[in-house]
Amino acid sequence: MTLPFFPPDLFDNERDALLDIVRRTGLSPSQKFILGERTAQFEDALRAETGAAEVIACSSGTSALTLVLRAMDIGPGDEVVVPAFGCAPLASSVVSVGAVPVFADVHPWTMVVEPYEVARAITARTAAVMPAHMFSVMADMPTMRELARRHDVRLVEDSAVAQGGVLGGVPAGRWGDAGVYSFVQVKTFGTVGEGGAVVTDDAELGRTVRMLRNHGQDGRARFVHHLVGYNSRFDELVAEFQLHRLPGLAGRLARRAEIADYYTERFTPLVERGVQPPPPGRDGRCFYVYSLLAERRDALKAHLLTRGVGSHVYYPAPLPSQPAFARFARPGQYWPHAELASARTLALPIYPHLTDAQVEHIADAVCDFPGGPR
Ligand SMILES: *Cc1c(COP(=O)(O)O)cnc(C)c1O
């Protein structure tokens, strides 16, 4: 394949820097490999970047969600409203703290959770709502904020895919009582391993997350466990590599957005032929993934492969249809838009080091799709 969906050369330009960091950390007299001064510097850098009072680096985006829910004291007897379409951690983090995920349907075009579906899912047992930004579109956070306020529930912003996105002047991750980021390879600020972060202005919440991250210790007295915590610590190598990568993030995001603008311009005329690009625009957008909706999705995927273009299906099934979460689906409840999205969505390569010629080739391949309405 000429243009794989997951590029093998994401960090090729940083190989020397990475080897340097490995050498420096490995030979440093402190021999500190987790939660050291590089982690603290990285947290400071993200605080400066986001304007958040507290940033706590942890082992993954999934554990960031779990730490936030635990720090909010959400557990057995509580419900958390989550999107019916998205990645597993949206539901599994809720289940892992002993609470019940309640699924809300998504918008048929943008695939982000619908505020009125979230509102409908709120009951007396709801402790939090947890919208997620999807692919390239941020959720309707002003409405989510208003909903959370009106119903007096916590707002957890799953901004794992949208670090660097801005909606109405407010960065992704800064809309809720807490937000999260993920640094797994494929995310916009991906790295050479695992990592995540919790972002919050709530000092008390931040303090609790910090303790939960390292087995309930407060960072002063060792082996005094105030809380039943987790091992969700952060790696020093990753911290320094991310510090090295942070200044380039805005430029990479801008390149992604530029590619997306071009795709959308090329694909807008395809709507009559059953291929729909995401909405145009930059506000509330962050191009982690560029997802089309195609009536004949599998045929389009096969067609692109004949042209050497890899693509990927995020996600082939709604969360409540998954064997692990089916028991939380309420009888008689349906998620028709999530079902439709699962059947139609297809993500194209949009990584920032694609050349203009490669981007054009990908767009040509999509436009060549014989398509036509079913
Ligand atoms: C990737 C992702 C996560 C989890 O992040 P990990 O670092 O892979 O654990 C959570 N929510 C969403 C929406 C994601 O896309």
Side-chain angles (χ1 to χ4, degrees), residues 5-6 10 42 46 55-70 80-97 101 103-104 106-107 110-113 118 128-141 144 155-165 167 172-173 175-176 178-199 209 213 230-235 238-239 241-242 256 284-291 312-319 322 324-325 338 341-342 345 347 350:
F5 184 79
F6 297 106
L10 257 185
F42 179 52
L46 289 186
V55 173
I56 302 99
C58 61
S59 61
S60 69
T62 303
S63 76
L65 290 175
T66 307
L67 295 175
V68 166
L69 294 172
R70 266 293 305 281
V80 179
V81 182
V82 303
F85 187 63
C87 64
L90 280 167
S92 67
S93 60
V94 175
V95 177
S96 77
V97 301
F103 298 104
V106 297
H107 187 276
T110 62
M111 296 180 270
V112 295
V113 71
V118 171
V129 295
M130 191 157 89
H133 310 312
M134 291 290 289
F135 312 135
S136 71
V137 183
M138 284 175 66
D140 180 353
M141 295 312 292
M144 294 296 172
L155 176 60
V156 181
E157 180 184 2
D158 185 344
S159 39
V161 304
Q163 186 173 3
L167 171 64
W175 281 92
V180 306
Y181 299 138
S182 162
F183 312 129
V184 76
Q185 185 166 349
V186 294
K187 302 288 160 79
T188 48
F189 193 34
T191 192
V192 290
E194 297 273 12
V198 172
V199 180
V209 166
R213 166 178 77 171
Y230 302 85
N231 171 5
S232 181
R233 298 180 297 237
F234 198 69
D235 193 307
V238 172
F241 189 60
Q242 291 303 77
R256 284 173 182 269
R285 305 298 296 276
C286 186
F287 294 89
Y288 153 60
V289 153
Y290 187 93
S291 286
H312 196 69
V313 174
Y314 293 104
Y315 293 93
L319 287 172
Q322 293 287 350
F325 309 123
S342 305
T345 185
I350 192 169

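Just follow the structure's listing: the first ligand is 1, and inside any ligand the first atom is 1.
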Test Val82 against Phe103 for side-chain contact (heavy atoms from CB on, under 4.5 Å), laying out the working first. CA-CA 5 Å; Val82 303; Phe103 298 104; 3.7 Å; yes
Quick one: does ligand 1 sit under 4.0 Å from the side chain of Met134, the backbone, both or neither, non-hydrogen atoms only?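 Looking at Met134 and ligand 1, no heavy atom falls under 4.0 Å.
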Contact partition for Cys87 relative to ligand 1, non-hydrogen atoms under 4.0 Å: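 Within the 4.0 Å criterion, Cys87 contacts ligand 1 through side-chain atoms alone.
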Under 4.0 Å from a heavy atom of [X]: which atoms of ligand 1 are those, numbered in the order shown and with their elements?
X	result
Ser60	7 (O), 9 (O)
Val161	14 (C), 15 (O)
Lys187	1 (C), 2 (C), 3 (C), 5 (O), 14 (C), 15 (O)
Ala160	2 (C), 3 (C), 10 (C), 11 (N), 12 (C), 14 (C)

Given side chains that start at C-beta, do those of [X] and [Y] come closer than 4.5 Å, heavy atoms only?
X	Y	answer
Val95	Pro101	yes
Met111	Ser291	yes
Met134	Pro83	no

Would [X] count as a polar contact of ligand 1, with the cut-off being nitrogen or oxygen pairs under 3.5 Å?
X	result
Glu194	no
His133	no
Tyr315	no
Ser63	no
Gly61	yes

Between Tyr288 and Tyr314, how do the two ring planes meet: parallel, tilted or perpendicular, split at 30° and 60°?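 Taking Tyr314 first and then Tyr288, their aromatic rings sit tilted (interplane angle of 30° to 60°).
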N/O donor-acceptor pairs under 3.5 Å from side chains in residues 180-198, not counting sequence neighbours:
| unit_1 | atom_1 | unit_2 | atom_2 | d |
| --- | --- | --- | --- | --- |
| Tyr181 | OH | Ala172 | O | 2.8 |
| Ser182 | OG | Val184 | N | 3.3 |
| Thr191 | OG1 | Gln242 | OE1 | 3.1 |

So which heavy atom in the protein is nearest atom 11 (N) of ligand 1, and how far is it from that ligand atom?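 Its nearest protein heavy-atom neighbour is Asp158 OD2, 2.6 Å.
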Could you find the nearest protein heavy atom to atom 9 (O) of ligand 1 and give me its residue, atom name and distance?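 Protein heavy atom at minimum distance: Thr62 OG1, 2.5 Å.
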What is the distance from atom OG1 of Thr110 to atom CZ of Phe135, rounded to the nearest 0.5 Å?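 Thr110 OG1 to Phe135 CZ: 10.5 Å, rounded to 0.5 Å.
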Salt bridge (charged side-chain N to carboxylate O under 4.0 Å, His left out) with Arg285: which residues, sequence neighbours excluded?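 Salt bridge (charged side-chain N to carboxylate O under 4.0 Å, His left out) list for Arg285, sorted by chain: empty.
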Do Ser93 side-chain atoms and Pro89 backbone N/O form a donor-acceptor pair below 3.5 Å?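 Yes, the answer is positive, given that a donor and an acceptor are paired below the 3.5 Å cut-off.
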